[in-house]
Amino acid sequence: FNNPHAKHGRQAIVHLFEWKWNDIAAECERFLAPKGYAGVQISPPTESILLTSPWRPWWERYQPISYNLCSRSGNESELRDMITRCNNVGVNIYVDAVINHMCGAGGGEGTHSTCGTYFSAKNRDFPSIPFSGFDFNEGKCKSASGDIENYNDINQVRDCRLVSLLDLALEKDYVRGKVADYMNNLIDMGVAGFRVDASKHMWPGDLTVIYGSLHNLNTRWFNGGARPFMFQEVIDMGGEAIQASDYFPLGRVTEFKYGAKIGNVFRKWNGEKLSYTKNWGEGWGFMPDGNALVFIDNHDNQRGHGGGGSAILTFWDARIYKMAVAYMLAHPYGVARVMSSFRWNRADDWQGPPSHEDGSTKDVQVNADDTCGDGWVCEHRWRQITNMATFRNVVDGQPHSNWWDNGNNQVAFGRGNRGFIVFNNDDWHLDVTLNTGMPGGTYCDVISGQRDGERCTGKTINVGDDGRAHFKISNTEEDPMVAIHADSKL
Ligand SMILES: O=C(/C=C/c1ccc(O)c(O)c1)N[C@@H](Cc1ccc(O)cc1)C(=O)NCCCOc1c(-c2ccc(O)c(O)c2)oc2cc(O)cc(O)c2c1=O
Ligand SMILES: [Ca+2]
């Protein structure tokens, strides 16, 4: 369950948060495949409650009311079409699976759902699946309110309602069967795996049984016997009864400490310095490399709450955000996920995706310069990030090597003989000759530009036969970093 089944040596996953299926399909063909992204994490594809107060918040999709594949992003046939088109160009699809709960207990009853299916929250009645009152944990939860009140009581965290969300009784064969049917339907369509939402709130034993009943991946696109890639969302910043390691036997786990620490390092908060990251990875207390799914920000903590607090870097802090994403993509630790966001009014962090008056999601607008518009941020399309996704592919398998630092916030490191990156996060010039470990030759910097035939559109770096090169990076540059790799050599 730890293998993303990436194709053609591709490495990075992109979370196309709230994108419609038709836009994702187009993006796979026109951008993600050509640029070498490995796959896409898509928003929950199931029918959810339809909330109007506040107006269509992004988190309504995390309140399922049926397993009909009909949502803000499109219907079942659009989903099938997108999965097929992305798979056909070697871009995998990973589904955000919300299987811990249904909608909030106060969700009311009726057909206020994304596809008009009837449900009743107060009667815990979801006839489309069907789930009835017997299929929820009401009786099992021992807290006074029925909601989780104490995060150090592991029984409450698993068996009580997370912020009033109706909690599924996943120890029941019937419920396990319905959840597995939902996931197997998607596997048979061709998805490569799942991001499992709110995993902290489900017993590992129940998840073990559910994952055990999942089909192998569709052999139209994957090798026989391929098991779905599973990565569990577990917000573990330390200090709670539940540990990320409880979920290691189930697949990869989100490492929330990664984004929190790297945010402090690049913001230079709490005395952190870039030169301290010489032993980045397990040396910083993160989970073992083979268990980790890493990211700078995610859909929840980019809004300032969730795992990581105010240190989390986002597209709002563009200059140091690009440095942190570049660092993540250059470093060998973990499976890397790049966030792709939409803009919202900072005071209204509940806001959903760019949409029309009727609440329907707007198409993604792609500009002539390959950036996005109309509220879509498309961080994954920013040249510095895209080129570093390519860097990660080119250096795959090469060890972290040739570390240098100035004892403060200027550092450099290589990946064997296939890549090298230099950062200047100090308030003064960087001007130094370093051993890159790379073959002599002329290389294009892939941050300020890239190789275009026999010329560089950005900076040019000359590496001597001794592997040494001279780097000059002013602290006032737009992007105070330089990266070269085997495929950017003239
Ligand atoms: O802010 C939010 C939504 C956050 C959210 C949504 C999806 C996620 O995957 C996630 O990690 C967070 N939701 C708002 C509004 C809200 C939504 C539903 C509800 O019943 C009550 C309120 C909010 O203020 N939520 C309370 C704080 C965030 O508490 C939530 C967490 C959560 C937060 C911290 C933890 O350590 C943790 O283990 C779980 O997970 C969710 C998972 C869901 O599938 C749906 C949710 O509503 C939530 C969720 O509310
Ligand atoms: Ca639960």
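Start at 1 and go down the list; that is how both ligands and their atoms are numbered. Keep in mind that this is a model prediction, so the values were computed, not measured.
- Excluding water, every protein N/O/S atom under 3.0 Å from the Ca ion (ligand 2) is given here by residue and atom: Asn100 OD1, Arg158 O, Asp167 OD1, Asp167 OD2, His201 O.
- At a 4.0 Å heavy-atom cut-off, ligand 1 does not touch Phe256 at all.
- Counting only heavy atoms, the protein never gets under 4.0 Å from atom 24 (O) of ligand 1.
- Under a 3.5 Å cut-off, the side chain of Asn152 and the backbone N or O of Ala241 do form a donor-acceptor pair.
- Using a 4.0 Å cut-off between heavy atoms, Arg195 contacts ligand 1 through its side chain alone, with no backbone atom that close.
- Only side-chain heavy atoms of Leu162 come within less than 4.0 Å of ligand 1; its backbone N, CA, C and O stay farther off.
- Counted by atom type alone, Asn75 and Ser77 present one or more donor-acceptor pairs between their side chains at under 3.5 Å.
- The parts of Tyr62 lying near ligand 1 are both backbone and side chain, judged by heavy-atom distances below 4.0 Å.
- In summary, the side chains of Arg252 and Gln232 do not present any donor paired with an acceptor at a separation below 3.5 Å, with no hydrogens or angles considered.
- At a cut-off of 3.5 Å, with distance as the only test, a side-chain donor of Gln384 or Asp479 sits close to an acceptor on the other residue.
- A side-chain donor-acceptor contact under 3.5 Å links Glu47 and Asn68.
- Checked against the 6.0 Å centroid threshold, Trp284 and Tyr258 do not count as a close aromatic pair.
- Under the 3.5 Å distance criterion, with hydrogens and angles disregarded, a donor-acceptor pair is assigned to the side chains of Asp188 and His215.
- Stacking of Arg227 on the aromatic ring of Phe194 is not recorded, the 6.0 Å distance cut-off and the 45° axial limit not both being met.
- Residues Gln302 and Ser341 have side chains that bring a donor and an acceptor to within less than 3.5 angstrom of each other.
- Nearest residue to atom 35 (C) of ligand 1 from Ile235, Val163, Asn298 is Ile235 (criterion: closest heavy atom).
- Not a single N or O atom of Glu240, backbone or side chain, sits closer than 3.5 Å to an N or O atom of ligand 1.
- Atom 12 (C) of ligand 1 lies below 4.0 Å from at least one non-hydrogen atom of the protein.
- Proximity of atom 43 (C) of ligand 1 to the protein is indicated by at least one non-hydrogen atom lying closer than 4.0 angstrom.
- Between the side chains of Trp203 and Asp159, at least one donor N or O lies within less than 3.5 Å of an accepting N or O.
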